[in-house]
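Below is one structure, written out as structure tokens; the observations come after it.
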Amino acid sequence: MGNRPENQDKTHLMMILENPIFFIELAVIILVFVFQAVHTYRVFLSIRQLRSVFDDELTVQSGYVERERLKDPETLIDHVIIPEEEADLAGKHFVRVSCTRTNGTSPAILRMNKAINIYLANNVGAAVNFSIIKDLIEREVDSKDEEITQSIPTPLYLGLAATMVGIIFGLYAMPDVEGDNFADGINKLIDGVKWAMTASLSGLLCTTILSSFVYKKAKRIVQQKKNLQLSYLQAKLLPELLRAEDTGVSDRKST
């Protein structure tokens with residue numbers, strides 16, 4: 001009498017192991033677990049990249065370039081000369097320019113640097129609108145931010161999909177309602193849902209950790225650093241542009 005529950009458990013386990021649908025369902029759920037883990041790690045790395053965008057900030061540098069170099073704004077920064085005396089390169093063959101530089105390796109900061117320098121090079125001797133520079137910076141940050149925001153819920157969606165898969169496989173494994181093994185079919189359905197619910201739980205945990213802890217903190221840090229970067233450029237870049245010969249600056253106030 002005392003061994004009956006144990007025998008029932010063994011019988012129930014043997015029925016599960018003999019069911020090929022169970023192994024298919026288990027394989028699907030394991031794949032979901034693996035994809036959830038890989039995807040969560042990738043999003044975590046993306047959040048770290050977002051957080052470190054302004055670790056090496058853009059700095060302002062002014063100098064002179066040959067006027068002929070203005071025709072190729074993408075390589076202009078590589079030919080800026082900083083003379084010891086202002087009068088050394090002053091003349092009709094050279095023009096004073098201001099540009100930004102960075103020691104950062106983040107793709108986002110490199111794209112910002114390139115875009116700003118191309119804009120400045122194309123507007124040497126013309127009015128420069130700081131709001132455009134601000135927009136170039138915010139565009140890169142917002143693009144990365146949107147990519148992360150769309151990726152964070154994916155583990156949760158995968159978990160919900162796994163739960164549906166578990167229910168579907170459990171329903172296919174059930175016999176007819178009027179069959180002799182209907183109770184066993186109910187047990188198979190419950191077992192399938194149990195396994196599938198673990199995938200939903202792991203997806204919920206991954207999404208919660210990414211959104212409520214990792215991403216939220218990174219978002220706050222990058223916002224603070226972005227504001228400091230914009231303040232620095234506004235304080236350093238605009239006066240340099242005002243000093244440039246024949247350069248007018250409009251819209252000094254950043255919105």
Side-chain angles (χ1 to χ4, degrees), residues 46-67 69-87 89-90 94-149 215-255:
S46 296
I47 294 174
R48 287 186 61 184
Q49 291 177 358
L50 175 67
R51 177 176 174 172
S52 62
V53 166
F54 295 107
D55 282 357
D56 292 294
E57 64 179 11
L58 297 168
T59 58
V60 176
Q61 187 177 63
S62 296
Y64 291 84
V65 294
E66 297 178 75
R67 292 184 181 275
R69 298 290 184 185
L70 296 177
K71 298 178 181 179
D72 188 11
E74 291 193 15
T75 62
L76 179 68
I77 187 175
D78 298 325
H79 303 283
V80 175
I81 301 172
I82 304 175
E84 295 182 1
E85 298 292 339
E86 287 290 330
L89 293 178
F94 290 87
V95 61
R96 182 179 175 84
V97 296
S98 294
C99 59
T100 59
R101 290 183 181 275
T102 181
N103 293 323
T105 58
S106 168
I109 198 71
L110 293 176
R111 287 193 296 266
M112 290 179 205
N113 187 56
K114 181 179 179 180
I116 292 173
N117 285 326
I118 290 177
Y119 173 71
L120 293 175
N122 285 327
N123 286 273
V124 171
V128 175
N129 191 332
F130 186 77
S131 63
I132 295 179
I133 297 176
K134 178 175 181 285
D135 182 64
L136 292 174
I137 293 175
E138 291 184 334
R139 188 183 305 165
E140 286 293 336
V141 176
D142 292 344
S143 176
K144 189 68 176 178
D145 185 36
E146 183 178 357
E147 175 188 340
I148 293 171
T149 302
Y215 171 71
K216 187 176 181 180
K217 183 178 180 180
K219 177 77 171 178
R220 182 176 67 254
I221 291 175
V222 76
Q223 187 68 28
Q224 293 172 349
K225 290 183 177 180
K226 184 187 73 173
N227 291 336
L228 291 174
Q229 177 70 88
L230 291 172
S231 298
Y232 167 82
L233 290 178
Q234 191 173 27
K236 295 291 185 180
L237 185 59
L238 292 186
E240 289 295 330
L241 293 173
L242 286 170
R243 291 179 59 192
E245 183 180 1
D246 298 327
T247 300
V249 179
S250 67
D251 196 12
R252 298 184 191 177
K253 184 177 180 181
S254 170
T255 58

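Because the structure is predicted, anything quoted here is derived from the model rather than measured. Only heavy atoms go into these numbers, but all of them, side chains included; no hydrogens, no water, no symmetry mates.
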Nearest 0.5 Å, please: how far is [atom2] in [Y] from [atom1] in [X]?
{"X": "Ile221", "Y": "Ile47", "atom1": "CD1", "atom2": "CD1", "result": "11.5 Å"}
{"X": "Asn113", "Y": "Ile137", "atom1": "CG", "atom2": "CD1", "result": "10.0 Å"}
{"X": "Gln223", "Y": "Leu228", "atom1": "CD", "atom2": "CG", "result": "10.5 Å"}
{"X": "Phe130", "Y": "Gln234", "atom1": "CZ", "atom2": "CD", "result": "5.0 Å"}
{"X": "Lys219", "Y": "Asp145", "atom1": "NZ", "atom2": "CG", "result": "3.5 Å"}
{"X": "Ser106", "Y": "Lys144", "atom1": "OG", "atom2": "NZ", "result": "8.0 Å"}

Quiz item: Arg101 and side chain to side chain contact (heavy atoms under 4.5 Å, CB included): which partner among Val80, Asn117, Leu58?
Solution: Val80
Exercise. Check each of Ile109, Thr59, Ile116 against Thr100 using the side chain to side chain contact (heavy atoms under 4.5 Å, CB included) test, and report the only one that passes.
Key: Ile116
Over all atoms of both residues, closest heavy-atom pair of [X] and [Y]:
{"X": "Ser98", "Y": "Leu120", "answer": "O-CD1, 3.3 Å"}
{"X": "Gly104", "Y": "Leu110", "answer": "O-CD2, 3.4 Å"}
{"X": "Arg51", "Y": "Ala218", "answer": "CB-CB, 3.8 Å"}
{"X": "Ser46", "Y": "Glu147", "answer": "OG-OE2, 4.4 Å"}

Quiz item: Do you see a donor-acceptor pair shorter than 3.5 Å between the side chains of Asp135 and Tyr119?
Solution: no
Quiz prompt | Lys114, NZ: over 12 other non-hydrogen atoms inside 6.0 angstrom | solution = no
Would you mind reporting whether [Y] and [X] have side-chain heavy atoms less than 4.5 Å apart?
{"X": "Val222", "Y": "Phe54", "value": "yes"}
{"X": "Asp55", "Y": "Lys225", "value": "yes"}
{"X": "Tyr215", "Y": "Ile148", "value": "yes"}
{"X": "Leu50", "Y": "Val141", "value": "yes"}

Quiz item: Is Glu138 paired with Lys134 through a side-chain N to carboxylate O contact shorter than 4.0 Å?
Solution: yes
Exercise. Please answer whether the main-chain N or O of Arg48 pairs with a side-chain N or O of Ser52 as donor and acceptor at a distance below 3.5 Å.
Key: yes
